[in-house]
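Structure first, commentary second.
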Amino acid sequence: MERSFLYLLHAVLAVALVLLVTGCGEDPRFSANTQYLGGGGTYGGAQTGAPRDTVSYWDGDHASGSPSIKISLGEQRAYFYKSGVLVGVSQLSTGREGLNTPAGNYKIIQKDKDHASTLFGDYVDSSGKVVVANIEIKKDPKPPGTHFQGTPMPYFMRIVSGTGLHAGYLPGYPASHGCIRMPEFMAENFFRSVSVGTPVTITN
């Protein structure tokens, strides 16, 4: 009797597991056949070890209306709207602990497609060879015979002081100096679709 009950219990659990796995419809954004997975999750594809980007997609080229951006620091995602309709979602890497991206209500105050940091980068020699990498110009002394070369921040959309959205490396967690890094294809789409004055809301 006890053995029969155990067999019945296993069968019920197996059926429940199958229903749990197959009961929800598949989100087309995460299907292997979806257009939304194109572009990858890292800037330039040069970095390795970053998790595969299964989040980012853009469907706003044929949508009209006023643009707005909502950024969730907790989710590490940006949501792009046109007249209140969601047309794109981007994976992010925002400011790490101690250099947190500030929550609040902002607007795009500058656009610069080929922006480079004036604070962070490398010290390079006259031939362009990196002598000291990943420096902060206010803290790290410059070796003789070198000059500062700012970190590229393509498709930069400034929202306040030194903070903005731009293409950059996404390791899968907050890792920036406060800026909002995005996959390059998403940064390009956002850049094309915003103008100075576009509202940006950042929440925890």
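Computed from a prediction, not measured in an experiment: that's the story for all the values here.
At least one donor-acceptor pair closer than 3.5 Å links the side chain of Ser56 to the backbone N or O of Gln91. Arg181 contributes no side-chain N or O that, together with a main-chain N or O of Leu170, makes up a donor-acceptor pair within less than 3.5 Å.
Between His166 and Ala187 the shortest heavy-atom distance is C-CB, 4.1 Å.
Side-chain contact between Val194 and Leu165 is absent, with no heavy-atom pair separated by less than 4.5 Å. The side-chain heavy atoms of Pro154 and Phe191, taken from C-beta on, include no pair separated by under 4.5 Å. Proximity of Asp61 to Asn189: side-chain heavy atoms (C-beta onward) are separated by under 4.5 Å at one or more points. For the pair Val131 and Val124, the minimum side-chain heavy-atom distance is 4.5 Å or more. For the pair Tyr81 and Lys70, the minimum side-chain heavy-atom distance is below 4.5 Å. For the pair Gln76 and Thr94, the minimum side-chain heavy-atom distance is below 4.5 Å. Counting heavy atoms from C-beta outward, His177 and Ser117 have side chains that stay 4.5 Å or more apart.
In terms of the side-chain hydrogen bond (donor to acceptor under 3.5 Å, both in side chains) criterion, Asn100 has no residue partners (sequence neighbours excluded). Checked against ring-ring contact (aromatic ring centres under 6.0 Å, His included), Tyr123 has no partners two or more places apart in sequence or in another chain. Here Phe80 pairs with Trp58, Phe190 under the ring-ring contact (aromatic ring centres under 6.0 Å, His included) rule; sequence neighbours left out.
Of the options His115, Met186, Lys113, a side chain to side chain contact (heavy atoms under 4.5 Å, CB included) to Tyr155 is made by Lys113 and by none of the others.
Atoms OG1 and NZ, on Thr198 and Lys111 in that order, are 7.5 Å from each other to the nearest 0.5 Å.
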